[in-house]
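What follows is a single structure, written as structure tokens, with notes after it.
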Amino acid sequence: MLTEKEKNFGKWVTVLASLLAFMGIGIVDPLLPSIAESIGATHSQVEMLFTSYIFTMAVMMIPIGIVASKVGDKRLIVTGLFVVTVFALLCGFSNSIGALSIFRAGWGFGNSMFLATAMTMLIGLSSTPGHAIGLYESAMGLGMAFGPLVGGILGNFSWRYPFYATACLIFLAGLLILLKVKEPKKAVVPDKAKTERPIKQMLHLFTFKPFLQITLSGMFYYYCFFTILAFSPLVLGLSAIQIGFVFFAWGLCLALGSAKIAHGLEARFDSKQVLKGTLFACAVILILMGIFDSVPVRIVLIVISGLVLGINNALFTTTVMEHSPYERSVTSGAYNFVRWLGAAFAPIVSGLISEHFGMSWPFIVAAVLCFAGMGLLFLKLQPFENYLKAAPTQVEESN
């Protein structure tokens, strides 16, 4: 049994590691124009740095979510961070877009081990699941903020330096968790649940209409999220350091939206109702980004979008966790697979759309998908409790 001091220390170290892991997603953001110019890549080719990374991460969420309960959260987290360290270094040594894409895929594999388990470990170390999710989403926002900032500052000297810096930071985070963090006690699971295979639970989870409704809506939303994050740097026409500062401000708004505003709204309103409004706001921002080709206007819209996206991140995660009767590792693996799959297609599809139809159309397409995600939430389903009664196994967890 861990003491409160051990729990608090482990919680904050895990939050720090989460921040660094999310930095790895955004650190490439301001480098895209520089890498494209240096290597001679098109928009769709350079967007493969995001797509290969996120697609690998999404696909691996399923098997990792299944084995997490057997292998242990801490072991997977540490292994994932060390895998990220190796592939981040290899990215820095690359000389072609093909090699960069392959090594970014390896980076995504390492990150999938971390992201599939970090939240469940945080929940075990925190007083309530809501508190843990808030910390996790805040770490995501701050990581997304500092990633582009570090990438922009170091990328101003060479696009390789941010990769080296990330490798060093991730390695230190892995060592800290390995040596200093104690894994919390596993949640209590009924005997029947122990005999049921996680793969069976995950497959059955995808037949739960309440879970599927939120998850598919999240998939469309994450396409929109990564259209803003991964594609918009290519239309701004700014230097690496300028893009870094733009997305640093965006990331701070992202953290504020997920850590503060989302939980204030959640305490007063139904989360699904709030999501309908925030998805509508997200779609409007994307339409405006497509209509106005003014750089200052697009910068303002990007920064404002951070608040809306931060609210969505926290509310989607909380709502999904509430609409599943299974272990959080299984739920997290299933949800992360679907939402990151939507994110994986956004960069490459946006790049191809821009090359064939113009630089404004990726934002318009993303807005349409955002409306689709909002529309899913309007579908009337039978009460969630009815699905729980039909579930073959319910998992009762102690917070």
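Note that the numbering runs from 1 along the sequence shown for the chain. Every heavy atom of this structure was used, including side-chain atoms; hydrogens, water molecules and symmetry mates were not.
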> Any side-chain donor-acceptor pair under 3.5 Å between N313 and R339?
Replying inline: no
> Do R298 and L288 have side-chain heavy atoms sitting under 4.5 Å apart?
Replying inline: no
> Under a 4.5 Å side-chain heavy-atom rule over Ile, Leu, Val, Met, Phe, Trp and Tyr, are V297 and V308 clustered together?
Replying inline: yes
> Is Y164 reaching over with its side chain to a backbone N or O of A88, donor-acceptor style, under 3.5 angstrom?
Replying inline: no
>> Does I27 form a side chain to side chain contact (heavy atoms under 4.5 Å, CB included) with F146? I'd like the steps, not just the answer.
In response: CA-CA 8 Å; I27 203 165; F146 283 103; over 6 Å; no
> When rounded to the nearest 0.5 angstrom, what distance separates CE in M23 from OG in S18?
Replying inline: 13.0 Å
> Does some side-chain heavy atom of M48 sit less than 4.5 Å from a side-chain heavy atom of I97?
Replying inline: no
> Which pair of heavy atoms, one from V15 and one from A139, lies closest together, and at what distance?
Replying inline: O-CB, 3.7 Å
> Looking only at atom types and distance, does a side-chain atom of S354 sit under 3.5 Å from a main-chain N or O of M359, one as donor and one as acceptor?
Replying inline: no
>> I'd like to check L279 versus S217 (side-chain heavy atoms, cut-off strictly below 4.5 Å). Are they in contact?
In response: yes
> Does F371 CZ have over 12 foreign heavy atoms under 6.0 Å away?
Replying inline: yes
>> Let me confirm one number: the CG-CG distance from L81 to L20, rounded to the nearest 0.5 Å.
In response: 8.5 Å
> Has K180 got its NZ or CZ under 6.0 Å from the middle of the six-membered ring of F9, at an angle within 45 degrees of the ring axis?
Replying inline: no
> Side chain of K74, backbone of V181: donor and acceptor closer than 3.5 Å?
Replying inline: yes
> So, do I302 and M289 sit near enough that their side-chain heavy atoms are less than 4.5 Å apart?
Replying inline: yes
>> Do V368 and F220 land in one hydrophobic cluster if side-chain heavy atoms of ILVMFWY residues count as linked below 4.5 Å?
In response: no
> Looking only at atom types and distance, does a side-chain atom of T51 sit under 3.5 Å from a main-chain N or O of I348, one as donor and one as acceptor?
Replying inline: yes
> Is there a donor-acceptor contact under 3.5 Å from the side chain of T278 to the main chain of L275?
Replying inline: yes
> Counting N and O atoms only, with roles assigned by atom type, does the side chain of E355 sit under 3.5 Å from a partner on the main chain of L352, one being a donor and the other an acceptor?
Replying inline: no
> Can you check whether T42's main-chain N or O pairs, donor with acceptor, with Q45's side chain at less than 3.5 Å?
Replying inline: yes
> Roughly how far apart are S94 OG and L100 CG, rounded to 0.5 Å?
Replying inline: 4.5 Å
> Q242 and S239: side-chain donor and acceptor closer than 3.5 Å?
Replying inline: yes
> How many angstroms lie between atom SG of C224 and atom CG of L286, to the nearest 0.5 angstrom?
Replying inline: 5.5 Å
> Rounded to the nearest 0.5 Å, how far does CG of L307 lie from CG of N312?
Replying inline: 11.0 Å
> Taking side chain as C-beta onward, heavy atoms only, is V295 less than 4.5 Å from V235?
Replying inline: no
> Are any of the side-chain heavy atoms of Y223 and V349 separated by less than 4.5 Å?
Replying inline: yes
> Distance from I311 atom CD1 to C282 atom SG, nearest 0.5 Å?
Replying inline: 11.0 Å
>> Could you report the tightest heavy-atom contact between I228 and F247, atom names first, then the distance?
In response: O-CZ, 3.6 Å
> Run the ring pair (Phe, Tyr, Trp, His ring centres under 6.0 Å) check on F22 and Y136 step by step: do they pass?
Replying inline: CA-CA 10 Å; F22 282 114; Y136 183 81; 5.7 Å; yes
> How far apart are the C-alpha atoms of L238 and F245, what are their side-chain angles, what is the distance that settles it, and do they pass the side chain to side chain contact (heavy atoms under 4.5 Å, CB included) test?
Replying inline: CA-CA 11 Å; L238 303 176; F245 279 110; over 6 Å; no
> For S360 and I291, what are the C-alpha separation, side-chain angles and deciding distance, and is it a side chain to side chain contact (heavy atoms under 4.5 Å, CB included)?
Replying inline: CA-CA 7 Å; S360 296; I291 293 175; over 6 Å; no
> Looking at G152 and P30, what are the two nearest heavy atoms and their distance?
Replying inline: N-CG, 3.4 Å
> Which pair of heavy atoms, one from A21 and one from I170, lies closest together, and at what distance?
Replying inline: N-CD1, 3.9 Å
> Does the side chain of Y221 reach to within under 4.5 Å of the side chain of L309, using non-hydrogen atoms?
Replying inline: yes
> Going only through I, L, V, M, F, W and Y residues with side-chain contacts under 4.5 Å, is there a path from L172 to F82?
Replying inline: no
>> Taking side-chain contact (heavy atoms from CB on, under 4.5 Å) as the definition, give me every residue that meets it alongside L252, ordered by chain and number, with sequence neighbours left out.
In response: L142, A145, F248
>> Can a side-chain donor-acceptor contact be found between N111 and Y53 if the only test is distance below 3.5 angstrom?
In response: yes
>> With heavy-atom distances below 4.5 Å as the criterion, would you say the side chains of F363 and T227 are in contact?
In response: yes
>> Tell me if a side-chain donor or acceptor on S158 pairs with a main-chain N or O of R160 at a distance below 3.5 Å.
In response: yes
> For Y222, which of F316, W340, F345 qualifies under side chain to side chain contact (heavy atoms under 4.5 Å, CB included)?
Replying inline: W340
>> So does F231 get a backbone contact from the side chain of S350, meaning a donor-acceptor N/O pair under 3.5 Å?
In response: no
> Step by step, would you call M113 with I77 a side chain to side chain contact (heavy atoms under 4.5 Å, CB included)?
Replying inline: CA-CA 6 Å; M113 296 186 208; I77 286 173; over 6 Å; no
> What closest approach, in Å, do L376 and Q213 show between heavy atoms, and which atom pair accounts for it?
Replying inline: O-NE2, 2.8 Å
> Which heavy atom in P33 sits nearest to a heavy atom in I243, and how many Å separate them?
Replying inline: CG-CD1, 3.9 Å
>> Determine whether a donor-acceptor pair (N or O, by modelled atom type, separation under 3.5 Å) exists between the side chain of S112 and the backbone of M57.
In response: no
> Passes ring pair (Phe, Tyr, Trp, His ring centres under 6.0 Å), W107 versus F50? Steps please.
Replying inline: CA-CA 11 Å; W107 190 336; F50 271 104; over 10 Å; no
